[in-house]
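Along the sequence shown, residues carry numbers from 1. Whatever order the structure lists them in is the order used to number ligands and atoms, beginning at 1.
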Amino acid sequence: MRAAVLYQSGEPLVIDTLSVDKPGPHEVLIRVAATGVCHSDLHMADGSFPAPVPAVLGHETAGVVEAVGEHVRTVKVGDHVVTCVSGFCGHCQDCITGHLSICQVKGVDRPRGSTPRMTTPAGKKVHQVGGLAGFAEQMLVHEKSCVAIRPDMPLDLASVIGCAVTTGYGAVVNTAAIKPGSTVAVIGCGGVGLMIVNAALIAGAARIIAIDRVPAKLAMARDMGATDVVEATGDVVAEVVEMTKGGVHYSFEAIGLKPTVEQAFRMLRPGGTCTVVGVAPVGTSFDIGAMDLLLERRLQGSFMGSNHFPIDMPRLVDLYMQGRLKLDALVSRRIALEQVNEAFAELKTGQLARSVITF
Ligand SMILES: NC(=O)c1ccc[n+]([C@@H]2O[C@H](COP(=O)([O-])OP(=O)(O)OC[C@H]3O[C@@H](n4cnc5c(N)ncnc54)[C@H](O)[C@@H]3O)[C@@H](O)[C@H]2O)c1
Ligand SMILES: [Zn+2]
Ligand SMILES: [Zn+2]
């Protein structure tokens, strides 16, 4: 099967023909229909977030179950599925208390030393990232890395539920659990940030301020529900504090940069909460003023929207079907697997919301 392979971090992905094994116990072979290109894939491809090589990236996938191994109970051949990097063990303290997205046991990869799921033409093991590998025609995963969805959901739009939607919506609804009537600011309106805006609207925010350096993104944010937009040219903190007469109740950073995380924290009113969704390069630390913190401002991370994806994703599909989740506007471009490096280049300029590879 054809796949885009990361052979060397910092180099373009290479289209190659890989072998994929048969499903073992608890494994599911998926015929990939669509995979979105997330900035986290670019972080891994360019090395700012380390990944083992060779690897197939791509973690925002929807497809159809082609085969299942022994003991698979949650999906069957022919089911439409969405995948998630939040594979979970189901038994640890975090899983049992409802925090499966931070499960550290996972167990979604094959045990060390077993036959690899994927190999190169030379027979070398190809790594998956987060137990997935969506930049490929087929993907062999653990059953705890996917969930079945209703079959009338278009698969190209379902793919983005795999990461951008789950992450953005979950950051608002699960991690920050914003209150209706509150004021929200979002710095960075890419795939994830636009979904934060959309979720803030669904969750009843009274005012949603979208901030980006690209004007086209601000227009998209308005379509997603932003009530105000700020072009990130001048002092965005001063602008937001002035607009809101003292700062926002909730801010979200969806880029992954030290200066914008610090801006997001500084635009909070006393008692406000800043949720950092962007992944800054490994080793980054943030300067947070002691006096800002004293007045009960909070800074928190959010990993994959603190999801419970087997429950959340089918609900997100329903929200799309009801017209509340604006996925048609999020998916700006459908591309072929061969164009994946182009999609990475576009992520660097920030002109598009989401590119989705369709097979
Ligand atoms: N926490 C998680 O679980 C999780 C999950 C998915 C993605 N992420 C991370 O979220 C971040 C966003 O991902 P994405 O796919 O939406 O990325 P993206 O590239 O589509 O969006 C980033 C946006 O930020 C804007 N931007 C860049 N620099 C800016 C600046 N200085 N000021 C204002 N705007 C600026 C760009 O114009 C773009 O619209 C990435 O760091 C990604 O790794 C985190
Ligand atoms: Zn992602
Ligand atoms: Zn667990």
Side-chain angles (χ1 to χ4, degrees), residues 35-46 48-49 57-61 83-108 129-130 132 134 144 159-171 174-175 185-197 210-218 220-221 229-234 236 252-264 275-281 284 300-307 330 332 343-355:
T35 299
V37 182
C38 174
H39 211 118
S40 299
D41 293 309
L42 177 56
H43 289 324
M44 288 182 264
D46 70 17
S48 62
F49 195 85
L57 307 175
H59 58 276
E60 197 176 78
T61 296
T83 61
C84 188
V85 294
S86 304
F88 58 98
C89 78
H91 306 291
C92 72
Q93 177 178 176
D94 297 313
C95 285
I96 295 294
T97 57
H99 303 99
L100 63 86
S101 61
I102 50 171
C103 171
Q104 298 299 300
V105 184
K106 290 182 181 287
V108 294
V129 176
L132 307 177
K144 284 209 169 74
S159 68
V160 292
I161 291 177
C163 180
V165 180
T166 293
T167 299
Y169 183 89
N174 299 328
T175 318
V186 184
I187 312 186
C189 298
V192 174
L194 289 170
M195 275 299 120
I196 294 174
V197 170
I211 303 157
D212 202 288
R213 60 177 182 185
V214 176
K217 286 298 185 41
L218 298 176
M220 289 179 206
V229 298
V230 174
E231 197 177 328
T233 42
V236 294
F252 295 86
E253 200 273 359
I255 308 168
L257 296 174
K258 177 180 168 75
T260 45
V261 168
E262 291 167 358
Q263 285 171 351
T275 304
V276 179
V277 181
V279 179
T284 306
Q300 62 182 356
S302 177
F303 183 59
M304 294 302 294
S306 313
N307 72 75
L330 185 72
S332 10
F344 280 162
E346 275 157 3
L347 276 177
K348 287 178 194 157
T349 68
Q351 293 297 329
L352 295 178
R354 211 43 150 204
S355 299

If hydrogens are left out, which of [options] has an atom nearest to [atom], that is, the closest non-hydrogen atom?
atom	options	result
atom 22 (C) of ligand 1	A254, G193, A353, G350	A254
atom 3 (O) of ligand 1	R354, R213, H59, M304	M304
atom 8 (N) of ligand 1	S40, G170, A232	S40

(message) Just to verify, which of T175, N174, N307 counts as forming a side-chain hydrogen bond (donor to acceptor under 3.5 Å, both in side chains) with S302?
(response)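 When T175, N174, N307 are each tested with S302, the side-chain hydrogen bond (donor to acceptor under 3.5 Å, both in side chains) holds only for T175.
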
Can you sort out which atoms of ligand 1 are near [X], meaning under 4.0 Å from one of its heavy atoms?
X	result
G188	24 (O)
G278	9 (C), 10 (O), 11 (C), 41 (O)
G190	16 (O), 18 (P), 20 (O), 21 (O), 23 (C), 39 (O)
V214	37 (O)
G191	16 (O), 20 (O)
K217	38 (C), 39 (O)
C163	5 (C), 6 (C)
F303	3 (O)

Which value, rounded to the nearest 0.5 Å, describes the distance between [X] atom [atom1] and [Y] atom [atom2]?
X	Y	atom1	atom2	answer
H59	C84	NE2	SG	9.0 Å
H99	S101	NE2	OG	8.0 Å
C189	M195	SG	CE	11.5 Å
Q104	C92	CD	SG	8.5 Å

Are any of the N/O atoms on [X], whether in the backbone or the side chain, positioned under 3.5 angstrom from an N/O atom of ligand 1?
X	result
T260	no
T167	no
D212	yes
V277	yes

(request) Write the atom name of the N, O or S atom in H59 that is nearest the Zn ion (ligand 2). (result)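 Per the distance ranking, H59 contributes NE2 as its closest N/O/S atom to the Zn ion (ligand 2).
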
(message) What do you get for the angle at the Zn ion (ligand 3) between SG on C95 and SG on C103, to the nearest 10 degrees?
(response)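 SG of C95 and SG of C103 make an angle of 110° at the Zn ion (ligand 3), to the nearest 10°.
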
(request) Could you tell me the angle subtended at the Zn ion (ligand 3) by SG of C89 and SG of C92, rounded to 10°? (result)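 Rounded to 10°, it measures 110°.
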
(request) Look at C38 and state whether any of its N, O or S atoms is less than 2.8 Å from the Zn ion (ligand 2). (result)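 Checking C38: at least one N, O or S atom is under 2.8 Å.
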
(request) Provide, to 0.1 Å, the distance between atom 18 (P) of ligand 1 and the closest protein heavy atom, together with that atom's residue and name. (result)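 Nearest neighbour among protein heavy atoms for atom 18 (P) of ligand 1, to 0.1 Å: H39 ND1, 3.6 Å.
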
(request) May I ask you to identify the nearest protein heavy atom to atom 16 (O) of ligand 1, giving residue, atom name and distance to one decimal place in Å? (result)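 Result: V192 N, 2.9 Å.
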
(request) Would you mind telling me which of V261, I196, T275 makes a side chain to side chain contact (heavy atoms under 4.5 Å, CB included) with E253? (result)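 Option passing the side chain to side chain contact (heavy atoms under 4.5 Å, CB included) with E253: V261.
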
(request) Report yes if some heavy atom in the side chain of L132 is under 4.5 Å from a heavy atom in the side chain of V85; otherwise report no. (result)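 The answer is yes; the side chains approach within 4.5 Å.
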
So, does [X] use its side chain to make a donor-acceptor pair with the main chain of [Y] at under 3.5 Å?
X	Y	answer
S355	A343	no
D41	G58	yes
K217	L352	yes

(message) For a quick check under 3.5 Å, do T35 and T61 share a side-chain donor-acceptor pair by atom type?
(response)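 Indeed, the side chains of T35 and T61 share at least one donor-acceptor pair under 3.5 Å.
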
Quick one: closest heavy-atom pair of [X] and [Y], and the distance?
X	Y	answer
E60	A164	OE2-N, 2.8 Å
M220	Q351	CE-O, 3.7 Å
I211	A232	CG2-CB, 4.0 Å

(message) At under 4.0 Å between heavy atoms, is it the side chain or the backbone of I255 that contacts ligand 1, or both, or neither?
(response)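 It is both backbone and side chain that touch ligand 1.
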
(request) Answer yes or no as to whether an N/O/S atom of H91 is found below 2.8 Å from the Zn ion (ligand 3). (result)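 No, since none of the N, O or S atoms of H91 sits under 2.8 Å from the Zn ion (ligand 3).
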
